[in-house]
Amino acid sequence: MMANKYSVSTAQLAIRFCIQKRCTSAAKGNKSNAEVDFVIDGADMDLLRAFANSNPNGHNPSQR
């Protein structure tokens, strides 16, 4: 799992992805989810973008 590569939770990875993609996100629940002092490398960002764009039932703010 990609979150393991960065030693963070899945929620932290998702929040960081949003930050790097410059979309809005809100950390809810566990306070540690807001701790996103790491950077997702370019190859992993590409994988996450591809996944986000391939989800036909999910919300994608970049598509209007």
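Side-chain atoms are counted along with the backbone in the values below, which use heavy atoms only and exclude waters and symmetry mates. Counting from 1, the numbers follow the sequence of the chain as shown. The model shown is predicted, which means the values in this text are computed figures rather than measured ones.
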*Asks:* Looking at every heavy atom in both Leu13 and Val8, which two are closest together, and how far apart are they?
*Replies:*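 Nearest heavy atoms, Leu13 then Val8: N-CG2, 4.2 Å.
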
*Asks:* Compute whether any side-chain donor of one residue and acceptor of the other, for Gln20 and Arg16, lie under 3.5 angstrom apart.
*Replies:*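 Judged by distance alone, the side chains do pair up.
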
*Asks:* State the CE-OG1 distance between Met2 and Thr10, to the nearest 0.5 angstrom.
*Replies:*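 Between Met2 CE and Thr10 OG1, I get 10.5 Å after rounding to 0.5 Å.
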
*Asks:* Shared ILVMFWY cluster between Ile19 and Val39, side chains joined below 4.5 angstrom?
*Replies:*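 No.
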
*Asks:* By side chain to side chain contact (heavy atoms under 4.5 Å, CB included), which residues pair with Asp41, not counting sequence neighbours?
*Replies:*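 For Asp41 the side chain to side chain contact (heavy atoms under 4.5 Å, CB included) partners, ignoring immediate neighbours, are Lys5, Tyr6, Ala43, Asp44.
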
*Asks:* Taking atom OG of Ser9 and atom CD of Gln12, what is their separation to the nearest 0.5 Å?
*Replies:*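 Going from the OG atom of Ser9 to the CD atom of Gln12 covers 3.5 Å.
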
